[in-house]
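Scroll down for the structure; my scribbles are underneath it.
Just so we're clear, the structure is a prediction, and the values are computed from it rather than from any experiment. Only heavy atoms go into these numbers, but all of them, side chains included; no hydrogens, no water, no symmetry mates.
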Amino acid sequence: MYIGLDLGTSGLKGVVIDENQGVVAEATASLAVSRPAEGQSEQSPADWIAAAETVMDGLARRTSLAAVKGLGLSGQMHGATLLDAADEVLRPCILWNDTRAHAEAAVLDGDPMFRRITGNIVFPGFTAPKLDWLRLHEPQLWQRVARVLLPKDYLRLWLTGEHVAEMSDAAGTSWFDTGARDWSDDLLAATGLSRAQMPRLVEGSEVSGVLRAELARRWGLPEGVVVAGGGGDNAASGVGVGVVRAGDAFVSLGTSGVLFAANDGYQPAPETAVHTFCHALPQTWHQMGVILAATDALNWYGRFVDRDAAALTSELGAVQAPGKTLFLPYLGGERTPLNDAAVRGAFIGLEHATDRTAGTRAVLEGVTFAFRDCRDALAATGTRLERLIAVGGGSRSAYWLQAIATALGVPVLLPEAGDFGGAFGAARLALMAATGAGAEIATLPPIAHVIEPVAALSDAFDAGHARFRAAQSAIRGLT
């Protein structure tokens, strides 16, 4: 058997799979986020350890772990976990959604070296600007930083005693040469750091260490359980849903939205605001377009009209051509392709005939057109999508999936019920590390439905997207 642990922002999930990749047991533990000031978001690494203990206790209660051969890790990216020379935590971890380092990020991004080497914009949530913020605002702590770990890699330190990171997570730090799959000494030096303060690097499917004997005894695991490199949360989810080959992609309809594509080469284009990172498998990369409000936008609209998301989408019937009413889903700014924290959303084209269902369709279409913007940004780098696997709560709406298939011009595959996310992907990476297997085991999940584009509506969705882009340009100076 193989264990996957996924350290999220709101909780930690664990799964156990057998040699046939069937899920044997699951357990979860919740986590809280501290917000000490506006724009700040932190967690205590001690809480991660406590959550991991709770999850491992739960897994051990549900099934014997005596046959476990490997353990894999997935986790939230970009967090700055700072340790002193004795591996003691210096302060709470500054998380991915913390924006306190926006000024420092702008300065670093102004140095062309960062985009040239990393292949990405230096976003405020990335790790390097957080260390620059620390140097300016907490200099006594900055001087004591002996090691910087990403969140899941602090769990690894507890599990194995090893300071190790893997390529997909390291690529989100702004210290990483994404094409060479190695730390950049020049980028580290530009922020006053050195390679000695960084963890050793492995691929996500490689062995990073061995589970400490006392932990193995505690939960009834055998000696010598290997711990795989694992992956950042989206990369591990890509492994979980089988998106590991060029042409494969998934669309995540969660609170925010992600269009994730696997690549067999390095194709950076930071000016598009696409994230270009290493994948969790050797010599594979991935790209992500990220929108900040997906199901969040539908839930926001539901509060206006006093209906929940399921009730709103159940009223719609068959997919229609986009109407006059248009929605721009920028409730809290936008990432890809705008890279604009200040832009805000809008309804346009409201008229007497606009009713609740017209508003619902407009919201779904607005998010769909934002995904099409991400598709176009990916295409500008040479990435072409052949099909999309739909994941996340929004994938329960057949109307939304039909609209996405039509607007993006690709089939959308809906998996059968089940969770094929980060924890499952981490367990697959554990299987690879323990057995020497490769990408061939990262197969697609069982597919319940294939939603094809509606060819008769293709031109109408093209026209709707053109209106969306025109409205997008118009509102940027107004909101």
Side-chain angles (χ1 to χ4, degrees), residues 7-10 31-45 47 75-82 90-111 114-115 118 120-139 141-142 145 148-151 169-176 187 190-193 232-234 254-258 270-277 288-294 296-297 300 329-345 370 374 476 479:
L7 172 60
T9 313
S10 59
L31 290 165
V33 174
S34 171
R35 302 188 184 278
E38 183 178 357
Q40 296 187 2
S41 178
E42 300 180 346
Q43 283 180 331
S44 167
D47 292 346
Q76 51 169 300
M77 296 179 66
H78 315 304
T81 313
L82 309 176
L90 289 171
R91 67 174 325 284
C93 177
I94 306 175
L95 299 186
W96 62 275
N97 55 354
D98 186 295
T99 59
R100 75 183 74 183
H102 60 91
E104 290 78 12
V107 171
L108 297 181
D109 195 51
D111 181 345
F114 277 85
R115 292 193 183 190
T118 70
N120 293 279
I121 291 171
V122 181
F123 288 100
F126 284 13
T127 321
K130 294 168 182 168
L131 269 291
D132 255 15
W133 180 92
L134 190 81
R135 178 172 55 83
L136 295 171
H137 297 275
E138 298 177 1
L141 287 183
W142 186 83
V145 173
V148 182
L149 295 181
L150 294 157
D169 221 352
T173 61
S174 293
W175 291 311
F176 198 71
L187 296 180
T191 55
L193 299 172
D233 48 8
N234 282 299
T255 301
S256 59
V258 175
E271 69 280 0
T272 65
V274 165
H275 295 337
T276 302
F277 294 153
M288 290 190 296
V290 179
I291 64 176
L292 296 181
D296 202 30
W300 168 86
Y330 310 132
L331 301 179
E334 191 54 296
R335 186 77 66 83
T336 309
L338 303 183
N339 186 29
D340 189 340
V343 68
R344 290 296 181 266
C374 290
R476 290 190 75 178
T479 60

Original post:
About how many Å separate OG1 of T173 and CZ of F277, when rounded to the nearest 0.5 Å?
Top reply: 9.0 Å

Original post:
Which atom names give the shortest non-hydrogen contact between V33 and T9, and what distance separates them?
Top reply: CG2-CG2, 3.7 Å

Original post:
Just by distance, do the side chain of Q76 and the backbone of G8 share a donor-acceptor pair under 3.5 Å?
Top reply: yes

Original post:
Counting only N and O atoms by type, is there a donor-acceptor contact under 3.5 Å from the side chain of S174 to the main-chain atoms of V122?
Top reply: no

**OP:** Work out which heavy atom in W96 is nearest to a heavy atom in M77; give both atom names and the distance.
**Re:** CB-O, 3.2 Å

**OP:** Keeping the roles fixed (side chain from Q43, backbone from A32), state whether a donor-acceptor pair exists under 3.5 Å.
**Re:** yes

Original post:
Counting distance only, does the side-chain N/O of T336 pair as donor-acceptor with the main-chain N or O of A273 below 3.5 Å?
Top reply: yes

Original post:
Where do V148 and V145 come nearest, in terms of heavy atoms and distance?
Top reply: CG2-CG1, 3.7 Å

**OP:** Measure from the side-chain N and O atoms of E334 to the backbone N and O of L292, and report whether any donor-acceptor pair falls under 3.5 Å.
**Re:** yes

Original post:
Is there side-chain contact between L141 and L82, with at least one heavy-atom pair below 4.5 Å?
Top reply: no

Original post:
Just wondering, do Q40 and I94 contact through their side chains at under 4.5 Å, heavy atoms?
Top reply: no

**OP:** Output yes when a side-chain donor or acceptor of T81 lies under 3.5 Å from a complementary backbone atom of L149, and no otherwise.
**Re:** yes

Original post:
Is a side-chain donor-acceptor pair under 3.5 Å present for W175 with T191?
Top reply: yes

Subject >> G172 backbone acceptor or donor facing H78 side chain under 3.5 Å >> reply: yes

Subject >> Side-chain donor/acceptor of D132 to backbone N/O of K130, under 3.5 Å >> reply: no

Original post:
Can a cation-pi geometry be assigned to R335 and F123, taking NZ or CZ under 6.0 Å from the six-membered ring centre and within 45° of the ring axis?
Top reply: yes

**OP:** Report yes if the side chains of P151 and L7 come closer than 4.5 Å at any heavy-atom pair, otherwise no.
**Re:** yes

Original post:
Just checking, is any N or O donor in the side chain of S41 or N97 under 3.5 Å from an acceptor N or O on the other one?
Top reply: yes

Original post:
Side chains of H137 and R100: do they bring a donor and an acceptor to under 3.5 Å?
Top reply: no

Subject >> Check: D111 side chain, F114 main-chain N or O, donor-acceptor pair, under 3.5 Å >> reply: no

Subject >> Any donor-acceptor pair under 3.5 Å from N120 side chain to T276 backbone >> reply: yes

**OP:** Return the minimal non-hydrogen interatomic distance between A101 and P129, and the atom names on each side.
**Re:** CB-O, 3.5 Å

